[in-house]
Amino acid sequence: LCTFTLPTGETRMRVITTSRRWTEGANINDIAAGFDQEAAAVLVARQLSWKMETEEETDCPAATRWLDRKLIELCQRFGDYRKDDPHSFQLMPQFSIY
């Protein structure tokens with residue numbers, strides 16, 4: 001559940017539901033087919049915001065490193081590339097905003 005207040009002062013509650021297609025972790029195409037990149041972007045942004053608020057360092061380098069690691073992990077798992085050719089890197093369309 002997500003509760004928010006509009007500029008008019010009216011309070012709204014939004015219910016967010018998800019569905020998940022169960023698959024073996026090695027089946028990249030099944031995972032990509034069910035990937036909701038907008039929901040994933042919101043989730044990662046919320047996690048990063050929380051990390052930045054709770055980190056004791058003022059410039060939050062730990063949170064930035066965390067985000068870098070998450071993006072690298074996603075690219076390693078779902079990216080397609082030829083070794084030693086950085087221009088060959090591509091992500092599936094399901095990951096286009098990344």
Out of curiosity, [X] [atom1] to [Y] [atom2], how far, rounded to the nearest 0.5 Å?
X: Gln90; Y: Phe78; atom1: CD; atom2: CZ; result: 16.0 Å
X: Arg69; Y: Leu67; atom1: CZ; atom2: CG; result: 10.0 Å
X: Leu91; Y: Gln37; atom1: CG; atom2: CD; result: 10.0 Å

I'd like to know if Lys51 and Glu53 make a salt bridge, using a cut-off of under 4.0 Å between side-chain N and carboxylate O. no
Any chance you could lay out the side chain to side chain contact (heavy atoms under 4.5 Å, CB included) test for Thr3 and Arg12, step after step, and finish with the verdict? CA-CA 6 Å; Thr3 305; Arg12 297 266 175 102; over 6 Å; no
Closest non-hydrogen contact found for Arg82 with Ser88 is N-OG, 2.8 Å
Is the backbone N or O of Thr11 less than 3.5 Å from a side-chain atom of Thr5, with the two atoms forming a donor-acceptor pair by type? no
Looking at Phe89, I'd like to know if its CZ atom is crowded, meaning that more than 12 non-hydrogen atoms belonging to other residues, nucleotides or ligands lie closer than 6.0 Å. yes
Find out whether Lys70 and Val44 are in side-chain contact, i.e. whether some heavy atom of one side chain is under 4.5 Å from a heavy atom of the other. no
Does the pair Gln47 and Leu43 meet the rule for a side chain to side chain contact (heavy atoms under 4.5 Å, CB included), with working shown? CA-CA 6 Å; Gln47 286 179 310; Leu43 178 62; 4.2 Å; yes
